[in-house]
Amino acid sequence: MKLFPPVLLVLVSLLISPVSAQDYVKAFNAYLRGDYELAQREFRPLAERGNVLAQYKLGIMYNSGEGVRQDFGEAVRWFHRAASQGYAPAQRSLGIKYEKGQGVKRNYGEAVRWYRHGAEQGD
């Protein structure tokens with residue numbers, strides 16, 4: 001099920017501290033505006049402090065080269081950090097990377113493992 005942006009923002013604010021929530025919203029809004037360089041500068045400190053949503057978003061940005069040089073290895077690193085915290089979209093993305101062998105050695109067993117983690121959460 002897809003969440004509407006206002007519902008997502010409420011969930012984000014419940015998952016992280018108020019200051020971090022404001023920082024995340026600032027970064028996410030920059031991303032939506034297409035200001036990817038600002039977005040990645042704002043997401044990075046949040047991601048490094050363990051914010052699962054910022055970690056996932058950095059993975060997306062490295063995967064597609066938005067505001068950063070495209071780097072599948074770096075995308076995998078951020079997807080893995082978010083996936084290890086149980087974030088289903090990151091688990092799916094990590095499964096895709098293992099299936100395609102992008103940024104990691106192709107490993108169908110690992111792909112299935114990460115897909116299964118996400119699937120168990122309804123993804």
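- The CZ atom of R77 lies 9.0 Å from the CD atom of Q55; values are rounded to the nearest 0.5 Å.
- Just one of Q91, E120, E99, E110 meets the side chain to side chain donor-acceptor pair (under 3.5 Å) condition when paired with Y115; it is E99.
- Atoms CG and CD, on L58 and E66 in that order, are 11.0 Å from each other to the nearest 0.5 Å.
- When the shell of 6.0 Å around CZ of R116 is examined, it contains 12 or fewer heavy atoms from other residues, nucleotides or ligands.
- The number of heavy-atom neighbours closer than 6.0 Å to CD of Q121, taken from other residues, nucleotides and ligands shown, is above 12.
- Taking 4.5 Å as the limit, every side-chain heavy atom of I96 sits out of range of all side-chain heavy atoms of F79.
- In plain terms, the two heavy atoms of A83 and L94 that are nearest each other are CB-CD2, 4.0 Å.
- Residues F28 and L38 do not share a hydrophobic cluster, clusters being chains of Ile/Leu/Val/Met/Phe/Trp/Tyr side chains in contact below 4.5 Å.
- Looking only at side-chain heavy atoms (C-beta outward), M61 and Y31 come within less than 4.5 Å of each other.
- Nearest approach of A54 to A47, heavy atoms of both residues: CB-N, 3.7 Å.
- Under a cutoff of 6.0 Å and an axis angle of 45°, K97 and F72 form a cation-pi pair.
- With ring centers used as reference points, Y98 lies 6.0 Å or more from Y108.
- Counting only heavy atoms from C-beta outward, the side chains of E74 and V68 never approach each other to under 4.5 Å.
- Rounding to the nearest 0.5 Å places CD of Q85 at 9.5 Å from CG of L53.
- Residue N51 holds its CG atom at 7.0 Å from OH of Y24, rounded to the nearest 0.5 Å.
- The minimum heavy-atom distance linking A27 with A39 is given by the pair O-CB, 3.6 Å.
- The backbone N or O of N63 lies less than 3.5 Å from a partner atom in the side chain of Q70, making a donor-acceptor pair.
- Between H80 and V104, every side-chain heavy-atom pair lies at or beyond the 4.5 Å cut-off.
- Between Y87 and R81, the closest side-chain pair of non-hydrogen atoms is not below 4.5 Å.
- Scanning all heavy atoms of the two residues, the minimum distance from A75 to G59 falls at CB-O, 3.4 Å.
- With values rounded to the nearest 0.5 angstrom, K57 atom NZ is found 8.5 Å from Y36 atom OH.
- Atom OG of residue S93 and atom CD of residue Q102 lie 11.0 Å apart, to the nearest 0.5 angstrom.
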